[in-house]
Protein chains: 2
Amino acid sequence: MSMRQVTPAPGKASGTPKKADVTRVQILLAAAQLFSQKGYAETTLRQVAEKVSLKPASVYYHFESKEQILEEVLNAGIVYIKTSVETALAGVPADAAFRDRFNAAVRAHLRVMLDHRDEAGTYIRVYSNLPPIAKFRSRKARQEYTNIWRALLEDAQARGDIAQDVDLGLFLPFILGAMNRAAEWYTPKRGTIPQLADLITRLVCDGAAPRRAAL
Amino acid sequence: MSMRQVTPAPGKASGTPKKADVTRVQILLAAAQLFSQKGYAETTLRQVAEKVSLKPASVYYHFESKEQILEEVLNAGIVYIKTSVETALAGVPADAAFRDRFNAAVRAHLRVMLDHRDEAGTYIRVYSNLPPIAKFRSRKARQEYTNIWRALLEDAQARGDIAQDVDLGLFLPFILGAMNRAAEWYTPKRGTIPQLADLITRLVCDGAAPRRAAL
DNA sequence: GTCTATAAGGAGATAGAC
DNA sequence: GTCTATCTCCTTATAGAC
């Protein structure tokens with residue numbers, strides 16, 4: 001699943017591939033990369049234009065404003081992440097161990113965010129320093145995504161895989177935030193994405209202390 | 001310990017309180033707040049000036065450039081955090097349980113970052129979207145701080161409080177990043193800072209699963 | 001659809017009076 | 001130390017030719 005399929009144009013059924021909405025998508029991709037690398041305010045439309053070999057003015061044929069580009073980039077990013085995690089969860093039996101379902105979700109989230117950094121990572125990286133309007137507009141999609149995780153964790157707590165006295169109101173944002181922050185520091189040099197996913201799963205399920213079971 | 005004592009002026013022993021380095025510090029504090037709230041690029045010198053009831057030009061009597069203000073804000077922030085965590089660790093016996101030492105450090109880190117958001121939180125929040133020069137300049141202080149945590153965790157691993165097969169190269173940045181990300185989502189509505197610190201400590205030491213000991 | 005040219009505004013920073 | 005006034009540059013965005 002690529003961002004390409006996610007943003008053909010607002011309100012357009014995927015019938016004709018259309019001749020040059022291609023440019024539109026190229027702009028979105030370039031913008032996503034730049035926003036992700038340097039932040040929204042620090043990125044100029046000239047840089048976006050140059051990256052797709054256009055003159056700045058031409059960008060305005062495809063988009064009304066810089067902010068509209070941002071909005072679409074954000075939405076595409078979160079839809080992309082959401083779909084990936086949903087797909088990953090669907091690939092694990094619903095009655096599988098919590099550990100396995102959780103690990104699959106974590107791995108999917110990390111993979112999208114760290115592997116396809118430019119495409120979806122933008123959402124995570126740029127979100128904090130945004131004009132409040134943009135934050136508000138993407139709020140709904142963001143919440144829908146969070147709900148996937150909430151359901152996963154609430155279910156685990158109901159089944160006794162997570163202790164009753166763990167406050168999900170703190171745990172949920174903590175664990176999502178912890179994963180998202182990885183976009184800031186992760187490099188393949190530190191380890192693979194599955195390794196990181198395993199570490200997180202281990203922390204959540206067992207902690208980092210040595211197993212004291214077999215004693 | 002306040003940021004005031006940290007940034008009297010570069011290379012100035014704390015002898016005379018000096019008549020109006022006060023303004024200098026006020027500018028730093030105002031800048032810290034604004035950078036933290038809106039990001040570096042989105043903050044204008046005019047806004048900083050207005051916040052301390054100065055005209056924009058007057059700021060340049062105290063600082064050479066906007067970037068220099070940023071640099072000092074960042075350094076002050078990290079020195080502040082570092083000192084806080086060191087003090088907290090010094091307050092716990094060196095032979096205390098890892099759990100207690102870790103919890104004290106987490107709590108101190110979170111308190112500075114979340115309670116004194118404007119002073120030290122800037123460092124965390126702004127750092128990602130920075131001109132590379134600024135990142136580089138604050139690198140040394142950042143590493144010195146990280147080393148406190150590395151020592152704490154390496155020590156724990158040596159004593160067997162953290163399992164041998166936990167990769168600190170992943171674990172260290174993960175846990176620091178997770179805490180830092182809390183600046184993005186934490187509000188007192190979700191819980192107290194000690195509660196969050198306890199949650200993190202629990203995850204690290206035991207995991208979130210129900211205790212299976214007493215069975 | 002993309003271009004050239006340019007408008008309109010705001011940014012960081014400086015000069016020099018007070 | 002702080003002010004007024006201003007320079008210069010670069011931004012987003014528009015107008016209209018091709």
Side-chain angles (χ1 to χ4, degrees), chain A residues 7-10 12 16-32 34-35 37-74 126 129-134 137, chain B residues 7-10 12 16-32 34-35 37-74 126 129-134 137:
Chain A
T7 32
K12 184 149 286 187
T16 21
K18 216 68 184 191
K19 71 168 181 177
D21 279 327
V22 174
T23 308
R24 196 189 152 84
V25 173
Q26 284 176 333
I27 292 171
L28 282 174
L29 239 74
L34 291 170
F35 291 169
Q37 287 164 18
K38 332 192 333 174
Y40 175 64
E42 292 90 341
T43 300
T44 70
L45 264 174
R46 294 181 140 76
Q47 296 167 330
V48 175
E50 195 186 15
K51 196 153 194 170
V52 291
S53 304
L54 281 182
K55 298 299 168 184
S58 308
V59 173
Y60 287 90
Y61 173 81
H62 301 277
F63 298 91
E64 283 180 8
S65 66
K66 186 187 175 188
E67 216 180 70
Q68 196 208 330
I69 299 181
L70 171 67
E71 195 180 326
E72 295 203 23
V73 165
L74 290 185
V126 171
N129 300 27
L130 276 190
I133 336 97
R137 289 221 183 99
Chain B
T7 32
K12 184 150 286 189
T16 20
K18 217 64 183 191
K19 68 169 181 177
D21 278 327
V22 174
T23 308
R24 196 190 151 83
V25 173
Q26 283 176 335
I27 293 172
L28 283 174
L29 240 74
L34 290 169
F35 290 169
Q37 286 164 18
K38 332 191 334 172
Y40 176 64
E42 292 90 341
T43 300
T44 70
L45 261 172
R46 296 179 144 76
Q47 296 167 331
V48 174
E50 196 187 16
K51 196 152 193 169
V52 291
S53 305
L54 280 183
K55 298 297 167 184
S58 307
V59 173
Y60 286 90
Y61 173 80
H62 301 278
F63 298 92
E64 283 180 7
S65 67
K66 185 186 175 188
E67 217 180 70
Q68 196 208 330
I69 298 180
L70 171 68
E71 196 180 324
E72 295 204 22
V73 165
L74 291 185
V126 171
N129 301 29
L130 277 191
I133 334 98
R137 289 220 181 101

Roughly how many Å is it from [atom1] in [X] to [atom2] in [N], rounded to a whole number?
X        : N       : atom1 : atom2 : value
Arg24(B) : dT2(D)  : CZ    : P     : 13 Å
Ile27(B) : dG1(D)  : CD1   : P     : 12 Å
Tyr61(A) : dG1(C)  : OH    : P     : 4 Å
His62(B) : dG1(D)  : NE2   : P     : 7 Å
Glu50(A) : dC3(C)  : CD    : C1'   : 16 Å
Lys55(A) : dT14(D) : NZ    : C1'   : 18 Å

Tyr60(A) side chain, from C-beta outward: closest of dT14(C), dT12(D), dA15(D)
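In terms of side-chain proximity for Tyr60(A), the closest of dT14(C), dT12(D), dA15(D) is dT12(D).
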State, with a plain yes or no, whether a side-chain heavy atom of Leu74(B) is found less than 4.5 Å away from one of Phe35(B).
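Answer no - side chains too far apart.
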Short side-chain to backbone donor-acceptor contact, Lys51(B) and Leu29(B), under 3.5 Å
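No; judged by distance alone, with no hydrogens or angles, the pair does not exist.
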Residue closer to the 5' end of DNA chain C, Lys66(B) versus Pro56(A) (nearest nucleotide)
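Nearest nucleotide further toward 5': that of Pro56(A).
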Could you point out which residue of Thr23(B), Ile69(B), Val48(B), Val52(B) forms a side-chain contact (heavy atoms from CB on, under 4.5 Å) with Leu28(B)?
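Checked Thr23(B), Ile69(B), Val48(B), Val52(B) against Leu28(B); only one passes side-chain contact (heavy atoms from CB on, under 4.5 Å): Ile69(B).
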Quick check: closest heavy atoms across Leu34(A) and Thr43(A), and the distance to 0.1 Å?
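Heavy atoms only, the tightest pair is O-OG1, 3.3 Å.
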Looking only at heavy atoms, which two atoms of Tyr40(B) and Lys66(B) are closest? And how far apart?
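What the structure gives for the nearest pair is O-NZ, 3.0 Å.
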At under 4.0 Å, does any side-chain N or O of Thr23(B) touch on OP1 or OP2 of dT2(D)?
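Affirmative; the distance criterion is met.
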Measuring to OP1 and OP2 of dG1(D), would you say a side-chain N or O of Ser58(B) lies under 4.0 angstrom away?
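For Ser58(B), the contact criterion (side-chain N or O under 4.0 Å from OP1 or OP2 of dG1(D)) is not met.
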Looking at Gln47(B), I want to see if its CD is surrounded by more than 12 non-hydrogen atoms of other residues, nucleotides or ligands under 6.0 Å.
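Counting neighbours around CD of Gln47(B), more than 12 heavy atoms of other residues, nucleotides or ligands fall under 6.0 Å, so yes.
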Considering only heavy atoms, which members of residues 40-49 of chain A lie under 4.0 Å from some atom of DNA chain D?
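Under 4.0 Å from DNA chain D: Thr43(A), Thr44(A), Leu45(A), Arg46(A).
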